[in-house]
Amino acid sequence: MTNYRTLDLETGGKVGGLETGFGLEPWRVRHGTAHITSLAYTGPDREYQIEYPNREQLISALEALKGQEVWTWNGVFDVAWLIASIEPNKMGSIPQCILDIRWRDAMLLAKWCTNGQLADDSNFSYALVNCAATWLPDHPALAEFVKMKSNVDMDTTSDYWLRRGLLDCEFTALLAEFLWSKLPIDCYSGFIIEQRNIPTIANSWLIGIKVNKDKLALASDKLVAKAAKMSSDMGIALPVISSPKQLGNLLYNVWGLPIIAKTPTGSPSTASDTLKLLAYQTNDPRMKFITEIKETQTLISKYVKTTYEALSRTTDGFLYGAPRLFGTLTGRLTYSNKTKEEKVGIASHQLPRKDKIIREFLEPPEGKLIYELDANSQESRIMAIWSRDENMLNIFKNNMNFHSFMAARIYGREYNELQAAYIAGHPETNEQRQNGKLLNLSSNFRIGAANFAHKSFTEYDRHMSFGEAAMLLNMFKSTYPGVPEYWDRIIDFAKQNGYSYTLAGRRYKVHKWSGRDAWGTEGTVISHPIQGTAGEQFHAALAQVRESKLITTLHDASFFAVDSLEEGREIEHKMNATPYNELWNVDLPIALPYDGKIGRNFSEVK
């Protein structure tokens with residue numbers, strides 16, 4: 001028995017077997033189709049289990065742990081089940097008995113200790129059984145545990161599941177104790193801040209995203225009709241456009257268009273970027289229709305059909321993406337859209353910015369509004385902090401428009417004059433500012449001229465020559481000389497110390513410095529402190545509003561369900577009062593603000 005308190009839940013569906021995956025979906029508790037089958041606890045004082053715990057037993061067990069540090073393995077999962085089992089209302093408050101516990105996730109601790117190229121290249125599994133085998137190979141119960149977790153000795157008896165729960169607790173405690181001793185001291189604060197958000201993020205899983213079925217049907221009808229009309233007008237069947245092989249034959253054999261790219265297997269490419277470039281190079285009007293039909297088909301398959309598939313599983317009109325703390329190497333929160341291979345959500349992080357027809361059918365729960373908090377110029381501000389570039393810092397200190405400033409540099413205009421024209425909605429100025437934005441957002445991470453020109457065309461529909469791309473990149477470097485100095489500085493640090501890091505201490509370990517790997521490693525080392533600190537900003541700010549109703553995150557924005565504009569502004573005020581200097585032990589030269597917008601769906605927020 002260790003000094004670490006650990007808690008483990010076993011869960012299952014009330015109908016069907018393990019293959020249904022219902023025991024992996026905590027939102028099903030409120031549907032009455034899943035439940036907690038056992039709760040196991042071990043600590044310095046005692047150990048116990050409760051089979052099929054009821055609400056009162058759960059509350060009693062958690063209240064006994066008030067103020068204590070309690071370790072789990074995949075804490076978001078366990079806490080989501082506890083919330084759903086205690087609070088029956090989707091929009092009810094997170095139970096106080098849950099907020100009063102200092103939750104710790106040993107699985108996340110393992111990732112904090114190992115995050116890096118070695119773990120990525122080996123596809124290291126953070127499953128409890130694999131971590132136990134890796135770091136506790138001599139434990140006397142390991143063989144039994146491996147058999148249980150690999151389903152070799154699985155059965156449905158109570159004794160089996162009770163024993164499995166206690167072993168989960170035991171190995172979680174031992175791994176937490178071992179890994180905590182390995183975590184560098186300068187990682188402590190970042191890890192603890194992340195852990196504070198476990199209840200809020202677990203609750204976002206249970207809230208989900210409401211689908212307006214009428215608007216979904218309307219979007220489906222419009223997109224299907226649009227694709228059908230365009231294909232009919234061209235006299236081409238939709239299956240031909242959907243099939244890479246048939247489309248390639250049409251473009252390159254029937255129409256005789258030039259082959260400008262090939263797939264890894266040597267076939268003529270029909271990838272979206274290739275089609276876009278082909279349309280530009282050939283100026284063939286037919287290609288415009290082909291690319292538009294392809295884009296429409298993507299919206300149908302990726303968002304409309306997937307939404308219908310997810311709704312057929314969730315059955316209550318909501319999408320339930322499963323949150324993944326530390327979902328990327330930079331530590332950002334992500335949401336999975338699958339349970340096993342069954343869809344339960346859509347790829348929300350890939351939601352198209354321009355296609356409002358998709359965002360319009362995504363809503364907050366009934367009677368609520370969406371309050372979006374967008375991190376203002378997040379990566380640029382963080383780059384200013386890391387690079388210490390005086391020009392970049394002064395722009396933010398003086399509340400200037402970062403992209404307008406760069407546009408003024410590119411086009412030789414006075415900043416104040418250009419900004420006034422931009423505010424007035426002058427079309428030419430708006431286009432110039434967009435080009436300033438393109439340069440700013442593309443240049444932080446040492447992009448080359450060829451890639452910059454490609455990105456300009458594929459993502460912003462702006463064609464530029466290699467020479468123009470090189471000229472603009474040089475302009476960025478001369479405007480912000482501290483940025484390339486930062487690149488050199490962080491690369492030197494990583495080579496000497498073996499890792500890159502965020503302002504909260506989250507590390508990414510690197511060792512691949514030779515040959516073809518060198519450039520990629522350097523790029524990761526440069527981007528990790530910026531993108532990783534962006535993730536840390538979210539965690540630090542969310543920790544100030546733990547009782548808020550987070551729905552999801554998208555890019556640099558966080559979405560909350562609120563009753564009113566006033567409630568949203570209160571969340572915004574608290575997040576903008578985040579004491580980053582105290583939490584990260586730094587002295588930030590500029591603010592990291594959030595800007596709030598409100599709306600009835602994901603399209604209308606403003």
Side-chain angles (χ1 to χ4, degrees), residues 219-306 346-347 350-358 427-428 431-432 434-435 437-439 441-442 447-473 516 519-520:
S220 179
D221 290 344
K222 283 184 176 181
L223 291 170
V224 169
K226 178 182 178 182
K229 184 179 186 307
M230 286 190 293
S231 67
S232 177
D233 290 345
M234 293 189 70
I236 304 171
L238 282 174
V240 172
I241 300 175
S242 302
S243 165
K245 184 177 181 179
Q246 293 184 62
L247 180 57
N249 179 61
L250 174 69
L251 298 180
Y252 305 116
N253 295 330
V254 179
W255 290 358
L257 297 179
I259 298 173
I260 62 174
K262 292 186 176 182
T263 66
T265 60
S267 300
S269 174
T270 57
S272 57
D273 288 354
T274 300
L275 297 181
K276 198 170 187 179
L277 186 58
L278 187 63
Y280 175 81
Q281 290 184 354
T282 63
N283 202 27
D284 189 321
R286 295 173 296 184
M287 287 304 303
K288 177 183 178 182
F289 288 96
I290 293 292
T291 56
E292 193 168 350
I293 293 172
K294 289 281 286 182
E295 289 170 357
T296 303
Q297 288 180 316
T298 297
L299 291 178
I300 293 170
S301 62
K302 195 170 186 177
Y303 299 106
V304 174
K305 288 185 176 179
T306 298
I346 58 177
Q350 296 177 345
L351 275 178
R353 294 182 183 274
K354 296 180 181 179
D355 296 293
K356 291 187 176 183
I357 194 171
I358 302 299
E428 183 180 356
E431 181 65 23
Q432 290 178 351
Q434 184 70 3
N435 290 333
K437 179 179 181 180
L438 164 64
L439 181 58
L441 297 184
S442 302
I447 193 171
N451 285 337
F452 178 47
H454 179 76
K455 181 176 183 178
S456 171
F457 180 72
T458 57
E459 296 184 21
Y460 292 84
D461 295 321
R462 183 181 186 278
H463 182 268
M464 67 173 66
S465 66
F466 180 90
E468 182 185 3
M471 181 273 292
L472 289 172
L473 291 175
R516 295 180 179 180
W519 180 264

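Any value given below was found using the heavy atoms of this structure, including those in side chains, with hydrogens, waters and symmetry copies removed.
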Less than 4.0 Å between a side-chain N and a carboxylate O, is that true for R462 and E468?
yes
Starting at OG1 of T274, measure out to CD1 of I259 and round the result to the nearest 0.5 Å.
11.5 Å
Evaluate the criterion side chain to side chain contact (heavy atoms under 4.5 Å, CB included) for residue pair L438 and E459; output intermediate values, then yes/no.
CA-CA 9 Å; L438 164 64; E459 296 184 21; over 6 Å; no
Tell me the closest heavy-atom pair linking A449 and F466, and the distance in Å.
CB-CE1, 3.5 Å
F457, CZ atom: more than 12 neighbouring heavy atoms under 6.0 Å
yes
Could you tell me the separation between the CG atom of L299 and the CD1 atom of I357, rounded to the nearest 0.5 Å?
8.0 Å
With side chains defined as the heavy atoms from C-beta onward, is the minimum distance between I358 and V304 less than 4.5 Å?
yes
Does the T306 side chain pair with the main chain of K302, one donor and one acceptor, at a distance under 3.5 Å?
yes
Within the structure provided, determine whether L473 and F452 are in side-chain contact (heavy-atom separation under 4.5 Å).
yes
Which heavy atom of A453 sits nearest a heavy atom of S465, and at what distance?
CB-O, 4.4 Å
Interatomic distance, E295 atom CD to I300 atom CD1 [nearest 0.5 angstrom]:
12.0 Å
Looking only at heavy atoms, which two atoms of N253 and N249 are closest? And how far apart?
ND2-OD1, 2.7 Å
Is there a side-chain contact between P258 and L278 (heavy atoms, below 4.5 Å)?
yes
As a quick check of understanding, evaluate side chain to side chain donor-acceptor pair (under 3.5 Å) for S242 and Q297, giving each step before the final call.
CA-CA 8 Å; S242 302; Q297 288 180 316; 2.8 Å; yes
Rounded to the nearest 0.5 angstrom, the CD1-NZ distance for I293 and K226 is 10.0 Å
Say whether, by atom type as modelled, one donor and one acceptor occur between the side chain of S301 and the main chain of T298 under 3.5 angstrom.
yes
Would you call I236 and M230 a side-chain contact if the rule is heavy atoms closer than 4.5 Å?
no
Does K276 use its side chain to pair, donor to acceptor, with the backbone of T458 at less than 3.5 Å?
yes
Can you label the angle between the Y280 ring and the H463 ring as parallel, tilted or perpendicular, going by 30° and 60°?
parallel
Measuring from atom CG of L238 to atom OG of S243, what distance do you get when rounded to the nearest 0.5 angstrom?
12.5 Å
Intermediate values then yes/no, side chain to side chain contact (heavy atoms under 4.5 Å, CB included), D233 and F289
CA-CA 10 Å; D233 290 345; F289 288 96; 5.9 Å; no
Taking all non-hydrogen atoms of both residues into account, name the closest pair between S269 and T263 and its distance.
CA-CG2, 4.1 Å
Using a 3.5 Å distance criterion without hydrogens, assess whether the side chain of T291 forms a donor-acceptor pair with backbone atoms of K288.
yes
Hey, could you give me the CD1/CG distance between I290 and L251, rounded to the nearest 0.5 Å?
6.0 Å
More than 12 heavy atoms of other residues, nucleotides or ligands under 6.0 Å from NZ of K437: is that the case?
no
For K455, all residues meeting salt bridge (Lys or Arg N to Asp or Glu O under 4.0 Å), sequence neighbours excluded:
none
Nearest atoms (heavy-atom pairs only) where S231 meets A228:
OG-O, 2.9 Å
Heavy-atom pair with the smallest gap, counting every atom of L247 and I241
CD2-O, 3.8 Å
Is Q434 close to L439 at the side-chain level, that is, under 4.5 Å between some pair of heavy atoms?
no
